[in-house]
Protein chains: 2
Amino acid sequence: MKDPLIHDLYIGFIRIHILYHASRDRVYGLALMTELARHGYQVGPGTLYPMLHALEEKGLLESEKKVVNGKRRRYYRITAYGAKALETARAHTAELISEINEE
Amino acid sequence: MKDPLIHDLYIGFIRIHILYHASRDRVYGLALMTELARHGYQVGPGTLYPMLHALEEKGLLESEKKVVNGKRRRYYRITAYGAKALETARAHTAELISEINEE
DNA sequence: TTTATAATATCGTTTAGCGATATTGGAAGG
DNA sequence: CCTTCCAATATCGCTAAACGATATTATAAA
C-alpha cells in the first residue's frame, strides 16, 4: 500500500474488488495482484493468497486448478453466497459514499 | 457485525465513518458506538476504543478530555492529516463504487 | 460517603496482515 | 530425458489488529 498510515482503511476494499472480479469472470492470484495494483492496491503474495484461501474457506469463492500455457493456475469464481455478500457490500459502499459526501 | 462471515469487508468502512464524523463535529466513543450501530456496524468497546487510540497514535485524530453533564468524555477531532486521509478515502470509495456498479 | 451510571480503558486470546522464502509443475533447450 | 527456467501458488514466522469480557474512572444523586 502506498501510504502505510492509512493502509487499514482499504483491506475491505481489496476483498470487495476480488469478489467483484470473481463475479464477472474466473480469476487467479497473480493476475489479481497486477489488477489490484492498477487500482493502487499493492498487495503481495503473502497477503493475497491467504486471503483467497480464507474467502474460499468461508464459502465466498470456490476454486479449481487448471493448466494454462503450461502453467498451473488456481481459478476462483464467486459462489452464490459470495454474490450475496457482494450485493450487500455494494449497498454498504453506496451508503458510505452518500453519507461522506454530504455537506 | 450482523453477518460474521463478511465482517472483514467492513472494518475500513468503520474507520472512514469515524473520520467523517470527526470531520464534521467532535465525537466521543460511546456516541460513535450508537451512531455506527445505526448504520449496521455493531462494534463493541473492545474494538472501538483501541481503534480510536490507534487513529490518534497515527495522527489522524486528536483528542481532549471534557466533562459534560458530570460525565467525563474524550472528544476526538480530525487532524489535517486525517482530513487528507478522508479525502483520499472518499476518492477510493467513489472509484470502488463506480467499478463494482459496471455491468 | 455510599450507590449508580456514563464513559473509557485494558487484558488475553484469537485471527489477520505481510515480507520473505520455499515449493510446484510444465516447457524449452541441449 | 534431465536440467534449467519461470509463472504461479503456498507457507513460515513475526507483528499487529479484532474483540469479548472485565476492570477502572469520575461525577451526580441519594
Among residues 50-57 of chain A, which residues get a heavy atom nearer than 4.0 Å to DNA chain D? A:Pro50, A:His53
Which atom of B:Leu52 lies closest to which atom of B:Leu61, heavy atoms considered: CD2-CD1, 3.9 Å
Indicate yes or no for a side-chain donor-acceptor contact from B:Ser63 to the backbone of B:Arg74 under 3.5 Å, with no hydrogens or angles considered. no
I'd like to know if A:Arg72 reaches the base of C:dT24 with its side chain, counting only an N/O donor and acceptor under 3.5 Å. yes
To the nearest angstrom, how far is A:Arg74 atom CZ from D:dA10 atom C1'? 10 Å
Sidechain-backbone polar pair: B:Thr93 side chain, B:Ala89 backbone, donor-acceptor under 3.5 Å: yes
From OH of A:Tyr10 across to C1' of C:dC18 the rounded distance in Å is 19 Å
Kindly compute the distance separating NE2 (B:His17) from CZ (B:Arg38), expressed to the nearest 0.5 Å. 8.5 Å
Hey, is the main chain of A:Gly59 close enough, under 3.5 Å, to the side chain of A:Thr79 for a donor-acceptor pair? yes
Who passes side-chain contact (heavy atoms from CB on, under 4.5 Å) against A:Pro45, sequence neighbours left out? A:Met33, A:Tyr49
Counting heavy atoms from C-beta on, name the nucleotide in D:dA10, D:dA8, D:dC19 closest to the side chain of A:Tyr28. D:dA8
Where do A:Ile18 and A:Met51 come nearest, in terms of heavy atoms and distance? CD1-SD, 3.9 Å
On a heavy-atom basis, the closest approach of B:Lys58 and B:Tyr81 is O-CE2, 3.6 Å
Answer yes or no: does a side-chain N or O of A:Lys58 lie under 4.0 Å from OP1 or OP2 of C:dA16? yes
Between P on D:dA26 and NZ on B:Lys66, what's the gap in Å once rounded to a whole number? 18 Å
Taking the axis from the first five pairs and the axis from the last five, what angle separates them in the helix from C:dT1-D:dA30 to C:dG30-D:dC1, rounded to 10 degrees? 0°
Taking the nucleotide of DNA chain C with the closest heavy atom to each, which residue, A:Gly70 or A:Arg15, is nearer the 5' end? A:Arg15
To the nearest angstrom, the CD1-C1' distance between B:Ile11 and C:dG17 comes to 13 Å
Considering only heavy side-chain atoms of A:Leu30, the closest of C:dA7, D:dA17, D:dT9 is D:dT9
Where does the angle between the aromatic ring planes of B:Tyr10 and A:His92 fall among parallel (under 30°), tilted (30 to 60°) and perpendicular (over 60°)? tilted
Ignoring backbone atoms, test whether B:Thr47 places a side-chain nitrogen or oxygen under 4.0 Å from the OP1 or OP2 oxygen of D:dA18. no
Distance check needed: D:dT27 C1' versus B:Lys65 NZ, whole Å only. 14 Å
Atom-pair distance (CG on A:Leu32; C1' on D:dT9), nearest Å: 13 Å
Which sits closer to the 5' end of DNA chain D, A:Val68 or A:Gly46, going by the nucleotide each is nearest to? A:Val68
Within this structure, what is the CG-to-P distance between B:Leu9 and D:dA18, rounded to whole angstrom? 14 Å
Could you give the OH-to-C1' distance, from A:Tyr49 to D:dT9, as a whole number of Å? 5 Å
Quick one about B:His53 and B:Glu57 (side-chain donor to acceptor, distance below 3.5 Å, no hydrogens or angles considered), yes or no? no
If you check the B:Val67 side chain, which of C:dA16, D:dA8, D:dT27 turns out closest? D:dT27
